[in-house]
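Take a look at the structure set out below.
Note on naming: letters A, B, ... go to the chains in the order of the sequence lines (proteins, then strands), and numbering restarts at 1 for each one.
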There are 2 protein chains.
Amino acid sequence: MTSGQSGTTRLKTAEATSVNRREQILEAAVVVFAEHGYFRATTAQVAEKVGISQPYIFKLFKNKEELFVAALDRAFERIIRSFQSVTAPAGELLNETIRVYEQLMETHPSEIVLQVQAFGIRDEAIRQAVQKGMQEVTSLVEGKFIAAGIANPEVEVSTFMANGMLCNIAMVLEMPSLKPKHLKLE
Amino acid sequence: MTSGQSGTTRLKTAEATSVNRREQILEAAVVVFAEHGYFRATTAQVAEKVGISQPYIFKLFKNKEELFVAALDRAFERIIRSFQSVTAPAGELLNETIRVYEQLMETHPSEIVLQVQAFGIRDEAIRQAVQKGMQEVTSLVEGKFIAAGIANPEVEVSTFMANGMLCNIAMVLEMPSLKPKHLKLE
DNA sequence: TTGGTTGGTTATTGATCAATCACTTTCTTG
DNA sequence: CAAGAAAGTGATTGATCAATAACCAACCAA
């Protein structure tokens with residue numbers, strides 16, 4: 001058996017199963033990587049944040065690269081889940097999708113920062129993870145736009161992604177003036 | 001005297017003055033940093049590409065960070081010079097600016113990659129250099145758009161920058177499908 | 001009670017590199 | 001040509017870390 005789910009189920013108290021530990025480590029890793037960057041962040045910092053020893057990380061993750069990829073996947077999964085949950089009529093779908101993303105940037109800023117970092121890392125495994133994440137997000141949004149019957153879905157999605165990227169960059173650079181200007185008023 | 005410009009001026013043969021060396025090093029640094037990323041790239045790789053010893057780099061640059069910032073400044077300067085050179089009537093200005101940038105991506109891809117990398121580096125000096133570069137580019141383009149009498153210049157500039165960012169990211173990720181879809185046809 | 005499984009630790013090491021130090025060589029000019 | 005400046009090198013080092021090795025402890029089941 002893997003977990004501590006014994007006869008007298010002691011659930012709720014977040015037992016130290018390896019699955020829980022993995023989650024804790026990932027949560028810490030997202031923050032540490034976002035704050036210091038992939039190369040400057042150390043596995044010791046992640047461990048410290050979780051309250052475990054540095055080597056224990058390598059019992060649950062093959063190496064630092066895999067840890068980063070897992071953290072990145074987590075970030076993309078949240079974005080995808082958020083966008084999946086969006087429901088709105090065609091006329092409101094774009095604005096609603098933007099609203100959901102803006103909320104995500106507030107509630108999980110580190111995961112957004114992680115994304116931007118990942119764009120610049122020259123590492124095959126990481127690049128593949130980013131490619132996959134970006135492809136999934138694009139496809140998902142496009143599917144929604146098409147299903148809603150929005151005109152020129154490809155262009156709309158592309159514009160949405162472009163503004164999203166600029167938004168991300170404005171965030172990591174701490175340049176609010178760079179944020180996209182929508183101008184929906186006419 | 002600093003250079004070898006003696007009486008019998010032996011110009012043209014690219015003498016090994018420290019100014020020339022600085023330029024050579026920067027040119028190599030742009031390529032090496034773009035290829036391996038700031039942290040994986042080593043000063044030894046840069047030196048090898050120039051054909052000098054690794055320690056000599058530190059005679060011309062205080063440290064690795066300063067070398068990167070200088071390389072980054074160079075990249076931004078080229079972008080700015082390119083945009084400054086743009087002249088077109090209001091109706092064509094946006095397209096012409098796009099064209100110039102697309103050409104830059106072809107002729108100096110490493111400098112574009114360097115930019116994207118720089119977004120993700122958590123280092124104060126580097127972040128400041130990126131901020132300055134982005135601010136200058138935005139202001140310059142906005143100035144041009146305003147001077148040409150384009151309507152909603154702020155929004156147009158923002159959209160232009162957003163698509164530029166998406167374009168950069170499509171490039172570094174090697175995801176051509178992510179490239180912006182303009183759709184000027186009606 | 002014993003032995004296997006799960007969850008953990010301490011200590012260490014092997015590589016990697018930026019950066020410095022102590023020199024040498026090559027100009028050039030008075 | 002002497003001598004100082006400019007250009008450049010070889011050797012080394014001091015830190016930093018990912019990753020491994022080797023070992024410990026708590027628990028449970030047969």
Side-chain angles (χ1 to χ4, degrees), chain A residues 1-10 13-26 28-29 32-33 35-71 121-123 125-126, chain B residues 1-11 13-25 28-29 32-33 35-71 121-123 125-126:
Chain A
M1 188 164 287
T2 304
S3 86
Q5 293 294 79
S6 61
T8 53
T9 312
R10 197 156 34 94
T13 36
E15 302 171 72
T17 65
S18 70
V19 178
N20 282 338
R21 282 305 198 196
R22 255 191 84 95
E23 280 308 304
Q24 291 171 19
I25 290 169
L26 284 178
V32 172
F33 281 135
E35 185 170 345
H36 304 283
Y38 177 56
F39 293 100
R40 285 232 226 269
T42 72
T43 54
Q45 287 171 318
V46 176
E48 197 191 354
K49 180 151 283 199
V50 181
I52 57 174
S53 66
Q54 177 259 341
Y56 189 49
I57 288 177
F58 292 90
K59 302 272 156 131
L60 302 181
F61 297 89
K62 215 176 100 256
N63 51 40
K64 192 185 179 182
E65 181 194 73
E66 202 184 283
L67 174 62
F68 185 87
V69 169
I121 299 174
R122 307 297 273 181
D123 175 294
I126 293 173
Chain B
M1 189 164 286
T2 304
S3 86
Q5 292 294 81
S6 62
T8 54
T9 314
R10 199 151 37 91
L11 74 154
T13 36
E15 302 170 71
T17 65
S18 68
V19 178
N20 282 336
R21 283 306 198 195
R22 254 190 87 95
E23 279 308 302
Q24 290 171 19
I25 290 170
V32 172
F33 281 134
E35 185 170 344
H36 304 283
Y38 177 57
F39 292 101
R40 283 231 226 271
T42 72
T43 54
Q45 288 171 317
V46 176
E48 197 192 353
K49 180 152 283 200
V50 181
I52 56 173
S53 66
Q54 178 259 341
Y56 190 50
I57 288 176
F58 292 91
K59 301 272 157 127
L60 302 181
F61 296 90
K62 215 175 99 255
N63 51 39
K64 193 185 179 183
E65 182 194 72
E66 199 183 72
L67 173 61
F68 185 88
V69 169
I121 299 174
R122 308 296 273 179
D123 174 294
I126 293 174

- Closest heavy-atom pair, B:Ile126 versus B:Glu65, reported as atoms and distance to 0.1 Å, is CG1-CG, 4.4 Å
Enumerate, atom names and distances included, each donor-acceptor pair closer than 3.5 Å involving a side-chain atom of residues 43-50 of chain A, sequence neighbours excluded.
{"residue": "A:Thr43", "atom": "OG1", "partner": "A:Gln54", "partner atom": "NE2", "Å": "3.2"}
{"residue": "A:Gln45", "atom": "OE1", "partner": "A:Thr42", "partner atom": "N", "Å": "2.9"}

- Note on the structure: A:Ala71 and A:Leu26 have their tightest heavy-atom pair at N-CD2, 3.6 Å
- To the nearest Å, give me how far apart CZ (B:Arg40) and P (D:dT16) are. 20 Å
- Task: List the atom of B:Glu35, the atom of A:Arg122, and the distance in Å for their closest heavy-atom pair.
- Result: O-NE, 3.5 Å
- Whole-Å distance separating the CZ atom of A:Phe58 from the P atom of D:dC23: 21 Å
- Contact under 4.0 Å: B:Arg21 side-chain N or O vs D:dG8 OP1/OP2: yes
- Note on the structure: The reported gap from CD1 in A:Ile57 to CD in A:Glu66 (rounded to nearest 0.5 angstrom) is 12.5 Å
- Query: How long is the gap from CZ on B:Phe68 to CZ on B:Phe39, to the nearest 0.5 Å?
  - Reply: 9.0 Å
- Task: Specify whether A:Tyr38 and A:Phe33 have parallel, tilted or perpendicular ring planes, treating 30° as the upper limit for parallel and 60° as the lower limit for perpendicular.
- Result: tilted
- Give me the residues of residues 62-70 of chain A where at least one heavy atom lies under 4.0 Å from an atom of DNA chain C, by number, or none. none
- Item | Those residues that, when tested against A:Arg40, pass salt bridge (charged side-chain N to carboxylate O under 4.0 Å, His left out) (two or more places apart) | B:Asp123
- B:Leu60 CG to D:dG8 C1', straight-line distance once rounded to whole Å: 10 Å
Check: protein-nucleotides 9-13 of chain C nitrogen or oxygen pairs below 3.5 Å:
{"residue": "C:dT9", "atom": "OP2", "partner": "A:Ser53", "partner atom": "N", "Å": "2.9"}
{"residue": "C:dT9", "atom": "OP2", "partner": "A:Ser53", "partner atom": "OG", "Å": "2.6"}
{"residue": "C:dT9", "atom": "O4", "partner": "A:Lys59", "partner atom": "NZ", "Å": "3.4"}

- State, yes or no, whether a side-chain contact exists between B:Val69 and B:Phe61 at a heavy-atom distance under 4.5 Å. no
- Message: Please report the distance, rounded to the nearest Å, between CG in A:Asn20 and P in C:dT6.
- Response: 15 Å
- Task: Could you tell me the separation between the CG atom of A:Asp123 and the P atom of D:dA18, rounded to a whole number of Å?
- Result: 14 Å
- Query: Which of residues 41-50 of chain A sit near DNA chain D, with a heavy atom under 4.0 Å from it?
  - Reply: A:Ala41, A:Thr42, A:Thr43
- Message: Output the rounded distance in Å from CZ (B:Phe39) to P (D:dT16).
- Response: 15 Å
- Query: In whole angstrom, what separates B:Ile57's CD1 from C:dA18's C1'?
  - Reply: 11 Å
- Query: In chain order, what residues pass the side chain to side chain donor-acceptor pair (under 3.5 Å) check against A:Glu23, with sequence neighbours excluded?
  - Reply: A:Arg74
